[in-house]
Amino acid sequence: MSKIALFGANGTIGSRVLDEALRRGHEVTAVVRDPAKLTRSAPGLTVVTGDVLDPAFVAEVARGQDVVVSAVGGGDGPGHVATIRPAAESLVAGLRTLGDAAPRLLLVGGAGSLRTPDGSQVWDAEGLPEFLLQIMHAHGDALDFCRTVEDVRWTNLSPAGTIEPGERTGTYRTSLDDLVVTEDGGSRITAEDYAVALVDEIDRPQHIGERFTVGY
């Protein structure tokens, strides 16, 4: 059993991570901006209100945890896109104050910077809407920042090209910086199986100090 602080627990991915972690018997401190939106209660779940952009609060909530998970994404609009890299910076700053007692940091990343089979990157595809490009590049900036960090144990998990709610199968394939694609060239993962992969990384760390990705 691990003690997990989860930022962004109300989101599409964060809520699935919360469900998966509780399913496995972990203790989760869910950090949200509006606790009224997190209506569930469960054994092992604690809900607190806080700001991921406040390093002092990050340090406070992270103290005594085994892992801090950031599911802070840009799906809620431009203002949230703008917080993706600053959130990563604040999390690292807060954890640094804990020194050797700092928990691991696991960040939900984006698919945009992954290499495709033709050698380009996902965000190079023609016709992508501007709001999606902004999210992709914000996650890319956060990953660039993480790759400068050597004193905090971080992992960044990028989804497949398409991630959406669906079935939990418990199966997936992994890669590092290359998009996971199927034989027909598609790239997808359900949010439920992405959460399985993320909590698997909590249970059995394989990617400290690097980015990896999942897909079917």
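It should be emphasised that the depicted structure is a prediction, and the values quoted were computed from it without experimental measurement.
In this structure, W123 and H137 have side chains that are in contact, with non-hydrogen atoms separated by less than 4.5 Å. Between F145 and E89 there is a side-chain heavy-atom pair separated by less than 4.5 Å. V31 places none of its side-chain heavy atoms less than 4.5 Å from the side chain of V52. Here the side chains of V69 and L198 are in contact, with some heavy-atom distance below 4.5 Å. Between S70 and V108, every side-chain heavy-atom pair lies at or beyond the 4.5 Å cut-off. Side-chain contact between I208 and R104 is present, with at least one heavy-atom pair separated by less than 4.5 Å. Looking only at side-chain heavy atoms (C-beta outward), T46 and V48 come within less than 4.5 Å of each other. Between E167 and E192, every side-chain heavy-atom pair lies at or beyond the 4.5 Å cut-off.
Contact record, N156 with G109: OD1-CA, 3.4 Å, taken as the closest heavy-atom pair. Of all the heavy atoms in P159 and A111, the pair that sits closest is O-CB, 3.6 Å. When all heavy atoms of A71 and G8 are compared, the pair lying nearest together is CB-O, 3.9 Å. Across every non-hydrogen atom of V68 and P103, the tightest pair is CG2-CG, 3.7 Å. Between A160 and G215 the shortest heavy-atom distance is CB-CA, 4.1 Å. Nearest heavy atoms, G94 versus V58: CA-CG1, 4.1 Å.
For R188 and T182, the side-chain atoms include no donor-acceptor pair closer than 3.5 Å. In this model, no donor atom of one side chain and acceptor atom of the other lie less than 3.5 Å apart for T49 and R33. Donor-acceptor pairing under 3.5 Å is recorded for the side chains of H26 and D203. A donor-acceptor contact under 3.5 angstrom links the side chains of T190 and Y216, judged on distance only.
D193 places no side-chain N or O within 3.5 Å of a backbone atom of R168 that could act as its donor or acceptor partner. Without hydrogens or angle criteria, S175 side chain to T213 main chain gives no donor-acceptor distance under 3.5 Å. Although no hydrogens or angles enter the test, the distance criterion places a donor-acceptor pair under 3.5 Å between the side chain of D66 and the main chain of K3. With hydrogens and angles ignored, the 3.5 Å screen pairs no side-chain donor or acceptor of S2 with any backbone N or O of I4. Between the side chain of Y172 and the backbone N or O of V196 there is no donor-acceptor pair closer than 3.5 Å. Under the 3.5 Å distance criterion, the side-chain polar atoms of T155 are matched with a main-chain donor or acceptor of H207.
Here F212 contributes atom CZ and E201 contributes atom CD; the two are 4.5 Å apart, rounded to the nearest 0.5 Å. The distance from the CG atom of L91 to the CZ atom of R96 is 11.5 Å, given to the nearest 0.5 Å. Once rounded to the nearest 0.5 Å, the distance linking CD of Q65 with CG of L95 reads 10.5 Å. For the atom pair OG (S90) and CG (L53), the distance works out to 5.5 Å, reported to the nearest 0.5 Å. Between atom CD1 of residue I189 and atom OH of residue Y194 there is a gap of 10.0 Å, rounded to the nearest 0.5 Å. D124 CG to T116 OG1: the interatomic distance, rounded to the nearest 0.5 Å, is 7.5 Å.
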Between V214 and V180, is the side-chain contact (heavy atoms from CB on, under 4.5 Å) condition met? List the steps. CA-CA 6 Å; V214 295; V180 178; 5.9 Å; no
Test side-chain contact (heavy atoms from CB on, under 4.5 Å) on T148 and C146 and set out the steps. CA-CA 5 Å; T148 70; C146 287; over 6 Å; no
side-chain contact (heavy atoms from CB on, under 4.5 Å), that's the test. Do L143 and S113 meet it? Break it down for me. CA-CA 9 Å; L143 176 60; S113 59; 3.9 Å; yes
Residues Q121, L114; criterion side-chain contact (heavy atoms from CB on, under 4.5 Å); working and verdict: CA-CA 5 Å; Q121 291 174 284; L114 292 167; over 6 Å; no
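When hydrophobic clusters are built by joining Ile, Leu, Val, Met, Phe, Trp and Tyr residues whose side-chain heavy atoms come closer than 4.5 Å, directly or via intermediates, V32 is grouped together with I13. A chain of hydrophobic side-chain contacts below 4.5 Å, direct or via other Ile, Leu, Val, Met, Phe, Trp or Tyr residues, connects L105 to V72. Under the 4.5 Å side-chain heavy-atom criterion for ILVMFWY residues, a single connected hydrophobic cluster contains both L22 and V47. Residues V67 and F57 do not share a hydrophobic cluster, defined by chaining ILVMFWY side chains whose heavy atoms lie under 4.5 Å apart. No continuous path of ILVMFWY side-chain contacts below 4.5 Å connects L179 to I163, so the two sit in separate hydrophobic clusters.
Salt-bridge annotation for D177 and R211: present, with a side-chain N of the basic residue lying under 4.0 Å from a carboxylate O of the acidic one. The residues R24 and D200 are annotated as salt-bridged, a charged nitrogen and a carboxylate oxygen being separated by less than 4.0 angstrom. Classification of R147 and E210 as a salt-bridged pair fails, no side-chain N sitting under 4.0 Å from a carboxylate O. Note on R115 versus D178: salt bridge recorded, some NZ/NE/NH1/NH2 to OD/OE distance being below 4.0 Å.
With a 6.0 Å radius and a threshold of 12 heavy atoms from other residues, nucleotides or ligands, E130 has its CD atom above the threshold. For D100, the CG atom counts as loosely surrounded, since its 6.0 Å shell holds 12 or fewer non-hydrogen atoms of other residues, nucleotides or ligands.
Each of L6, N10, V199 was evaluated against L18; a single residue qualifies, L6, per the side-chain contact (heavy atoms from CB on, under 4.5 Å) test.
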